[in-house]
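Have a look at the structure below before the remarks.
Along the sequence shown, the residues carry numbers beginning at 1.
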Amino acid sequence: MFSRFWRCPHCNTILAKPSYSVMDKILEEGTEISGSATCSGCGKISPQSDVYTGKYDVAEVTIICPHCNTKHRSVMDMLVGKPCPDCGKVLPVRGYRKVSAGIIDHRILEKAIAKESSISIKDRVGTYFYGLFKPDIEKMVSGKNFSGLIKVVKYEKDYELQGKAAEALGRIGDRRALVPLLEAFKKRDNPFRWKIIEALGKLKDEKAVEPLITALKEEDSMLIDTTVGALIETGESSVEPLLTALKGKNLNIRKNVLTVLGKIRDKRALKPVLETLKDTNPLIRSYSALALGDIGDSTAVEPLLEALKDNETDVRNNAALALGNIKDTRVVEPLISILRNDWWWGVRRSAAESLSKIQDTRTVPSLLEALKDSSSYVRSYIAEVLGKIRDPGSIEFLVEALEDSDNSVRASAAKALGEIGDKLAVKALLVALKDKEHTVPGAAIEALGKIGDSDAVEPLIKFLKDADIEDRKRVIIALEKIGWQPRNDLEKANYLIIKEEWQELINLGEIVLEPFLQVLKLKMMKNLDWKEEAKVLKQIGEPLVGPLIRSLRVNNRYIRQIALQILGDIRSRKTVDPLLEIVIDRGEDGPVRRSAVEALGNIGDKRAVKPLVSLLKDSGIHIRKCAVEALGKLGDTTSIDPLAEILKDKNEDGSVRRSAVEALGRIGDRRALKPLLEALKDPWWHIRRSAAEALGNIGDNRAITHLVEALSDSEKDVRDMAEGAVKRLRQLRGKTVQL
């Protein structure tokens, strides 16, 4: 049974009597139920629009009586305001807890609707339930429910849903969607308006052009970009309205119209756009130049060459770019002149870009000359361009650029030499491997791989020893391109680590440790994940114990931390004594000591209990916390009293005390019951929550009463954990516990 219930806005009472059957009423009228309701609690009358809660519950919910903590199954919230079946006290309107509830299963509704052949009934039902169920837009599309999508677009109470429906209508491309989409488009506060704009563009209807043009004056750059795209997609039918808008006074509209006209590339726009190249506003002139480049008509060459003399840098810059798109040989000499003489580096760079697009013998010498440009941005870009042109005559100049004062120029030169692919560059690129700026060796490695000369193999293998993670990957890729294969197990280990061939590494055994430690050191320094590598070393296991213990003497904190973690994973009792030496050495590096403590906890040897207990008085918070956690893992009952003392110390750090609670729960001895029961009343809710969990783990039935009291805790997480703990205790006892 699916019924509608009202809640009084005056006293919050759930009205005891349901209204009409929801499904019957909808199918009968297709509209929301109207009318008013008289509250049985306070007697006040309220209109339906005020009292309706806006959702439907399933037939059953579970609520908890605040007086006796008894759970009851109830039809809806019908017990509210009535006596509790257990204690007899009235369940108040407020103060009871609803444990579980649901809403009507929409699949049942869909089955009922599917039986009706009338599309109008389906649409009415869909409209009615927008506030309750989210329509499945994709299902509506596959079912060709066009009218349903139109209704969703009209639904203004859910902009996100409206946007999804608009997107779907755009994909369908039916022009019947135009009017509702234009209506939705008018709502400027809709954050999903851009989806409506996209949909209008896909309809390609000229009636949408005028409204879309008005959106070009918006300040939102994303909205403007979407509108520009929609107008471009509309195509030739939008040209005339756009040309009219170009004559207007709004600056934003005019500049964006120029962008659209350029992308549409309709010849009707050529003359009007040429006229705007002489506009008094430099912004319009600069956009006009780009548009002319997009249109690509040689008629614009002379006007654009004239624009290269403009006082505004943006105009000259865009004119230079536009000339490259037109690719007329008349522009080569003027662009070379700009490349040599313009005072702004951006214009010079744009001139170089355009020259690279024009296949002319005069281009390369001018670009080689520009490798001496005063701007590193220009020099770097010129090097990239020379790599794309692949003229062997530029090798000498690019090799010289490998010694440029700017690292971006050196990196670009290395990449360019790789693109040209001549072995004459190998020697210089090998020298570049020693560059202190990491971008340069990376580019040199990739270049050597592309050239493929075997002379690079040994230097690249040598480079692996001190390379960072990314460069190690580049080296392996480069070596593979050259055709190299590992010659011994050490080289194979380095190769397999980068390739992440874990099983083969396990088969290699102890030899993999040294290269692994180098890689893991780099990963730890950059806070990168190395769980998979740790699994490999753990599986190799005992053969690594001796070498790892020796690694503890290395003068590198990261190597020692890694070695300690792996020893903790392997869990060999041979390692306990060396680890204890580190733990008791108060002059040892803090992170290394913590790693040693964690490893002892993982190994589980009882010899570590007494030294770890002594660390509970260490001056370092992190050491104390690690020691507490390790004692919890060891599970020795002799540590219960020291852990209880930590828990009682209100001056102790909260995270350490919380760890003590968790450790006591992990040990699982009933002697920890008293301190844990006290922790249930701790001021810090995190500790109360952990105490509830620990009591559930210990399994002592004496905790039930206290856990039931915790069901009224002010923090939901504590209440939930207490409820879970009671359930566990009930399972342990094998009979029902009355809450």
Side-chain angles (χ1 to χ4, degrees), residues 61-74 77 79-80 84 86-87 89 91-102 621 624-625 628-629 631-633 635 639-640 643-733 735-739:
V61 296
T62 304
I63 62 176
I64 294 180
C65 174
H67 306 296
C68 64
N69 284 318
T70 309
K71 283 185 179 180
H72 297 291
R73 303 290 292 179
S74 169
D77 288 343
L79 274 174
V80 175
C84 169
D86 269 36
C87 67
K89 294 182 180 180
L91 272 71
V93 173
R94 298 178 178 84
Y96 73 92
R97 287 204 298 122
K98 184 184 293 185
V99 177
S100 65
I621 292 174
R624 297 199 301 275
K625 187 173 186 297
V628 167
E629 291 170 354
L631 287 168
K633 291 178 181 178
S639 62
I640 290 176
L643 289 171
E645 288 299 317
I646 287 281
L647 183 54
K648 291 177 185 177
D649 186 359
K650 303 299 181 182
N651 294 320
E652 178 58 271
D653 180 81
S655 66
V656 179
R657 293 179 63 235
R658 182 182 178 184
S659 295
V661 172
E662 292 169 353
L664 289 168
R666 191 163 188 168
I667 292 171
D669 193 280
R670 297 189 177 191
R671 280 174 284 180
L673 183 65
K674 185 178 178 180
L676 288 175
L677 289 176
E678 291 175 1
L680 266 182
K681 299 177 181 178
D682 196 272
W684 196 32
W685 73 265
H686 289 283
I687 289 179
R688 299 199 302 274
R689 180 187 181 280
S690 296
E693 184 177 16
L695 287 166
N697 292 336
I698 288 175
D700 194 312
N701 291 324
R702 290 174 292 174
I704 291 178
T705 304
H706 302 272
L707 287 167
V708 169
E709 289 178 5
L711 292 174
S712 301
D713 196 279
S714 59
E715 288 291 334
K716 183 179 183 301
D717 281 1
V718 179
R719 297 196 301 267
D720 290 346
M721 189 58 71
E723 186 176 348
V726 172
K727 286 180 180 178
R728 286 196 294 276
L729 291 173
R730 179 179 62 189
Q731 292 169 355
L732 289 172
R733 285 176 55 176
K735 59 181 180 179
T736 302
V737 175
Q738 191 75 343
L739 298 187

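Counting only heavy atoms from C-beta outward, the side chains of L664 and I640 approach each other to under 4.5 Å. Between R689 and E715, the closest side-chain pair of non-hydrogen atoms is not below 4.5 Å. Two residues are said to be in side-chain contact when any heavy atoms from C-beta on lie closer than 4.5 Å; V628 and V656 meet this criterion.
Under 4.0 Å is where a charged nitrogen must lie from a carboxylate oxygen, and between R658 and E662 at least one such pair does. For the pair K625 and E629, the salt-bridge criterion is met [side-chain N within less than 4.0 Å of a carboxylate O].
Taking all atoms of both residues into account, the shortest heavy-atom contact from R688 to S714 is NH2-OG, 3.8 Å. A725 and L707 make their closest contact through CB-CD1, 3.8 Å (heavy atoms, listed as atom of the first residue, atom of the second, distance). Nearest heavy-atom pair across G668 and I698 is CA-CG1, 3.9 Å.
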Taking only distance into account, with no hydrogens and no angle test, what donor-acceptor pairs under 3.5 Å do side-chain atoms of residues 674-683 form with protein atoms, sequence neighbours excluded?
{"residue": "D682", "atom": "OD1", "partner": "W684", "partner atom": "N", "Å": "2.9"}
{"residue": "D682", "atom": "OD2", "partner": "K650", "partner atom": "NZ", "Å": "3.2"}
{"residue": "D682", "atom": "OD2", "partner": "R657", "partner atom": "NH1", "Å": "3.4"}
{"residue": "D682", "atom": "OD2", "partner": "R657", "partner atom": "NH2", "Å": "2.4"}

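The ring-ring contact (aromatic ring centres under 6.0 Å, His included) contacts involving residues 693-713 comprise nothing, where partners must be two or more places apart or lie in separate chains.
N697 is linked by a side chain to side chain donor-acceptor pair (under 3.5 Å) to nothing, counting only residues two or more places apart in sequence or in another chain. The side chain to side chain donor-acceptor pair (under 3.5 Å) search around D653 returns S655, not counting sequence neighbours. With sequence neighbours left out, the side chain to side chain donor-acceptor pair (under 3.5 Å) criterion links E693 to no other residue. The side chain to side chain donor-acceptor pair (under 3.5 Å) search around R624 returns E652, not counting sequence neighbours.
Considering L643, I646, L695, I687 in turn, I687 is the only one that fulfils the side-chain contact (heavy atoms from CB on, under 4.5 Å) rule with V661.
With values rounded to the nearest 0.5 angstrom, D713 atom CG is found 10.0 Å from W685 atom CH2.
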